[in-house]
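Values reported hereafter were calculated over all heavy atoms of this structure, with side chains retained and with hydrogens, waters and symmetry mates removed. A note on names: the letters A, B, ... follow the listed sequences, proteins ahead of strands, and every chain is numbered from 1. Model, not experiment: these values are computed from the prediction.
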Protein chains: 2
Amino acid sequence: MSRPTKHAPERGNARTRLLEAARDIIREKGFAATSVEDLCKAADVTKGAFFHHFASKEALGVAVAEFWAETTTAYFAAAPYHAPDDALARILAYVAFRKAIITGALKDFTCLVGTMAQEVHASAPDIRDACGRSIFGHTATLEADIETARRERGITADWSAESLARHMQAVLQGGFVLAKAGNDPVLARESLDHLERYIRHLFNAMEDDAHDENDPDRLRLRTDAP
Amino acid sequence: MSRPTKHAPERGNARTRLLEAARDIIREKGFAATSVEDLCKAADVTKGAFFHHFASKEALGVAVAEFWAETTTAYFAAAPYHAPDDALARILAYVAFRKAIITGALKDFTCLVGTMAQEVHASAPDIRDACGRSIFGHTATLEADIETARRERGITADWSAESLARHMQAVLQGGFVLAKAGNDPVLARESLDHLERYIRHLFNAMEDDAHDENDPDRLRLRTDAP
DNA sequence: GTTAACATACCATACGGTCGGTATGTGTCA
DNA sequence: TGACACATACCGACCGTATGGTATGTTAAC
């Protein structure tokens with residue numbers, strides 16, 4: 001059906017369509033419960049196409065994790081939370097941004113690589129490692145601002161920028177787990193309020209009004225963070 | 001093979017053995033990737049026994065979640081962190097306890113119901129709800145101490161005891177996710193250090209030495225928290 | 001003798017993966 | 001410029017096995 005040629009790929013190529021389908025379906029059903037036929041149906045391709053592009057289902061798993069890393073990196077790089085001049089304000093804007101994009105259905109805001117890592121960590125090390133690279137690659141992008149804020153504010157701390165960045169990610173991931181268990185996105189947002197309060201405490205900024213304007217229009221996007 | 005009679009169940013009955021096997025294997029491989037044959041082999045029973053005790057694989061899922069809730073409730077009720085007279089000390093002792101039991105292999109300290117909830121939340125609502133009851137039942141046990149500590153310390157807060165208890169659970173769950181993604185338990189403990197610091201900030205107790213003695217011998221247990 | 005607690009054999013299907021084939025683009029050399 | 005070789009992208013039938021589940025039989029306690 002409507003096989004798009006290389007010069008008229010109106011639907012995008014099969015590989016990309018499979019990756020997008022995998023991102024959406026695995027976020028909802030998990031990796032093991034997603035069959036390659038599920039993916040082929042959703043992407044409207046045949047099994048032949050699937051195994052032409054991916055050597056195995058596991059290889060597809062690695063590829064979606066990398067696909068996720070690429071798309072979310074671009075997404076966060078373009079996000080509005082980098083705007084403030086003050087480093088701490090940028091950090092708080094990040095948290096506010098993450099909170100703001102937690103809306104709608106679970107499958108639209110939860111984290112693909114967190115879900116996959118938890119599921120396949122023991123049985124598919126390659127996928128796990130790809131997920132790890134996505135997650136920790138993202139946390140690393142927060143470290144510079146944390147370090148700058150600490151220096152700017154003259155904070156002598158017994159914690160590293162690295163560990164705080166990872167903690168922020170842990171709160172997000174944990175919020176997603178609770179949101180799924182309780183079937184309510186509020187549970188994820190709730191923890192981000194505590195995270196924001198914690199960060200303000202760390203930087204002696206309990207009073208500051210650092211509410212950043214995350215333009216609602218720019219927040220209506222589909223993918224989410226690693 | 002060594003069929004244990006009702007009056008000589010030296011290995012425990014088949015149902016319990018299946019639940020224990022399910023707890024251990026699902027924590028490692030996830031629910032979907034665990035076949036009922038895996039479970040039968042590990043529990044040393046036949047398929048007939050499995051479907052005698054559980055109507056379906058999904059019913060087994062609900063049953064392990066409930067089994068987990070029961071065993072962890074007993075485990076935490078008997079844990080040493082309840083000892084301190086001061087409510088805040090008990091809360092900090094809880095965090096220290098949770099940190100202390102994060103040792104060894106991932107499958108020995110991670111949370112069954114967190115893993116399952118994340119995986120099956122959309123495809124198996126019954127299992128998800130059973131997981132939710134386990135998780136939020138556990139968080140509820142922390143609320144009284146939080147409320148007491150707040151009153152004792154005269155803290156007027158814009159957060160509820162309920163939400164803090166849930167946040168503590170979120171940090172734990174998120175720590176597990178990062179530990180799996182990075183294949184390193186340190187990542188889970190690291191976040192608990194931030195959680196401890198946050199709680200001290202909340203209760204203006206940054207200076208207090210509330211290091212509780214969690215007797216190492218009493219910590220050598222196999223199961224973990226919901 | 002009724003019932004709970006298993007065991008054994010079996011079934012239908014779903015699954016990951018293979019394979020031979022076709023259509024289309026692409027580089028190259030006379 | 002055209003023809004040929006080759007590569008890429010995809011199709012769809014097929015295969016062996018694993019899986020969830022069932023039907024029936026057997027043992028032992030009450």
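- The list of salt bridge (charged side-chain N to carboxylate O under 4.0 Å, His left out) pairs with a residue in residues 110-123 of chain B, not counting sequence neighbours, is empty.
- Protein atom CZ of A:F31 is 14 Å distant from nucleotide atom P of C:dC15, rounded to whole Å.
- Regarding B:L39, its CG atom lies at a distance of 17 Å from the P atom of D:dA18, rounded to whole Å.
- Applying the salt bridge (charged side-chain N to carboxylate O under 4.0 Å, His left out) rule to pairs touching residues 50-74 of chain B yields B:E66-B:R133, sequence neighbours excluded.
- When distances are taken from the side chain of B:S35 to each of D:dT19, C:dA7, C:dC15, the shortest belongs to D:dT19.
- Sorted by residue number, the members of residues 47-60 of chain A with any non-hydrogen atom under 4.0 Å from DNA chain D read A:G48, A:A49, A:H52, A:H53.
- Considering only residues two or more places apart in sequence or on other chains, B:R197 meets the side-chain contact (heavy atoms from CB on, under 4.5 Å) condition with A:D158, A:W159, A:Y198, A:L202, B:H194, B:H201, B:M206.
- By the side-chain contact (heavy atoms from CB on, under 4.5 Å) test, A:F136 pairs with A:T139, A:R166, B:L178, B:A181, B:L187, sequence neighbours left out.
- One can place CD1 of A:I25 at 12 Å from P of C:dC15, the figure rounded to the nearest angstrom.
- Taking the salt bridge (charged side-chain N to carboxylate O under 4.0 Å, His left out) definition, one finds that A:D145 meets it with A:R90, sequence neighbours left out.
- Remark: B:D184 pairs with no residue by the salt bridge (charged side-chain N to carboxylate O under 4.0 Å, His left out) rule, at least two apart or across chains.
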Verdict with supporting geometry, B:E190 and A:S163, side chain to side chain donor-acceptor pair (under 3.5 Å):
CA-CA 7 Å; B:E190 186 180 60; A:S163 84; 4.5 Å; no

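- In DNA chain C, stems built from 3 or more consecutive Watson-Crick or G-U wobble pairs, each with both distances under 3.5 Å, span C:1-30 with D:1-30.
- Listed by chain and residue number, B:A14, B:R15 satisfy the side-chain contact (heavy atoms from CB on, under 4.5 Å) test with B:H53 (two or more places apart in sequence, or in another chain).
- Between B:E37 atom CD and C:dC10 atom P the separation is 15 Å, expressed in whole Å.
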